[in-house]
Protein chains: 2
Amino acid sequence: MSAAHDLLFRTLADPTRRAIFERLCREGEQTVGALTLRSGVSQPAVSKHLGALKQAGLVRDRHEGRQTHYSAQPGALNPLIDWTSQMAGFWQNRLDALDELLQRMDQ
Amino acid sequence: MSAAHDLLFRTLADPTRRAIFERLCREGEQTVGALTLRSGVSQPAVSKHLGALKQAGLVRDRHEGRQTHYSAQPGALNPLIDWTSQMAGFWQNRLDALDELLQRMDQ
DNA sequence: TTAACTCATAACCGCGGGGTTATGGGTAAG
DNA sequence: CTTACCCATAACCCCGCGGTTATGAGTTAA
């Protein structure tokens, strides 16, 4: 089954949520407040997105006093990379098979 | 902006639709009827999914008589591959910077 | 202790989208 | 010509989900 892919794709499908993940990848660890500032949505919305990202294994949270720091966990993208390269691989295999077939016909 | 990524992620987020795309990648060109058989949903649903995949550039359609053949266009996955490797790259850069910092502190 | 700040959760709302059935256009078959 | 088949579109339904405001738990500051 592709249950792992499913969660990853669905989590990254939302633009706001993906933008938050991008910021964490580009700029490193951020507090909820900092993420909320340039997110364009309310703080509860950001918290919910962070919860979804965490459930998908894309981010980690670290509690420090009264603020929570989130950081990206890009290793979680590996299933995505595997899936895409696998799809591209199937495609390439069929191209190779076609090449071979054509070469046999030439002989 | 990440408008291209957005369409790709949203299109691949649905399990049924992604399964159709996977079948086209694995088994090559298929008619709508053939795809409908093992899809678990009705024929109109499959047609709508194929329309979405086509709009995202993930599939091509070829009309032959009264049936339509669809085939995967895996080159459309390149933006996805680029995005994921870019995210992983940011992460790696920060790790490298941390390494460098630690080595300077050792001196 | 009281007050202020940060974040998470609850409760609610509106809309987008994936599902269905019904229908029609286009093509092959009788 | 009539019938049967394949697919796309229309019209509709419903549920999930991303957004909001309101509130509370936990922590620092006065």
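Just so it is clear: chains get the letters A, B, ... in the order the sequence lines come, proteins before strands, and each one is counted from 1.
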B:Glu64 CD to D:dC6 C1': how many Å, rounded? 13 Å

Is a donor on one side and an acceptor on the other found under 3.5 Å between the side chain of A:Ser47 and the backbone of A:Pro44? no

Nearest-angstrom distance from the residue atom CG of A:Leu7 to C1' of D:dC17: 14 Å

Atom CZ in B:Phe21, atom CG in B:Leu12: separation rounded to 0.5 Å? 6.5 Å

In whole Å, what is the span from the NE2 atom of B:His63 to the C1' atom of C:dA28? 17 Å

Should A:Ser42 be listed as having a side-chain N or O under 4.0 Å from OP1 or OP2 of D:dG19? no

Expressed in angstrom and rounded to an integer, what is the separation of B:His69 atom NE2 from D:dC6 atom C1'? 11 Å

Atom CG of A:Asn78 and atom OG1 of B:Thr84: how far apart are they, to the nearest 0.5 Å? 9.5 Å

Among C:dG18, D:dC6, D:dG19, the nucleotide that comes nearest once only the side chain of B:Gln67 is considered: D:dC6

Atom pair distance, as rounded to whole Å: CG in A:Asp61 and C1' in C:dC7: 11 Å

Among the nucleotides C:dG19, D:dC6, D:dT20, whichever has the atom closest to the side chain of B:Thr16 is C:dG19

Starting at atom CG of B:Asp6, determine the distance to atom P of C:dG17, rounded to an integer number of angstrom. 10 Å

Given 3.5 Å as the limit, does a donor-acceptor pair link the side chain of A:Arg26 with the main chain of B:Phe90, or not? no

Under 3.5 Å, is there an N or O donor on one side and an acceptor on the other linking the side chain of B:Lys48 and the base of C:dG19? yes

A:His49 side chain: which of C:dT20, D:dG18, C:dT9 is closest? D:dG18

Assert: residue with more 5' nearest nucleotide on DNA chain C, out of B:Gly40 and A:Arg66, is A:Arg66

Select base, sugar-phosphate, or nothing to describe what A:Gln43 touches, counting heavy atoms under 4.0 Å on all strands. base

Do B:Leu80 and B:Leu7 sit in one hydrophobic cluster, given that two such residues count as connected whenever their side-chain heavy atoms are within less than 4.5 Å of each other, even indirectly? no

Report yes if at least one side-chain N or O of B:Arg10 is closer than 4.0 Å to OP1 or OP2 of C:dG17; otherwise report no. yes

A:Ser47 side chain, from C-beta outward: closest of D:dG18, D:dC7, C:dA8: C:dA8

Contact nearer the 5' end of DNA chain D, comparing B:Val46 with A:Ala45: B:Val46

Taking CG from B:Leu50 and C1' from D:dC6, how many angstroms apart are they, rounded to a whole number? 13 Å

Point-to-point distance, once rounded to the nearest 0.5 Å, from CG of B:Leu50 to CD of B:Gln43: 9.5 Å

Verify the contact: side-chain N or O of B:Tyr70 to OP1 or OP2 of D:dA8, cut-off strictly under 4.0 Å; return yes or no. yes

Using whole Å, report how far CZ of A:Phe9 lies from P of C:dG17. 18 Å

Of C:dC7, C:dG18, D:dG19, the nucleotide closest to the side chain of A:Thr31 is C:dC7

Identify which nucleotide among C:dC7, D:dA22, C:dT20 has an atom closest to any side-chain atom of B:Pro44, counting heavy atoms from C-beta outward. C:dT20

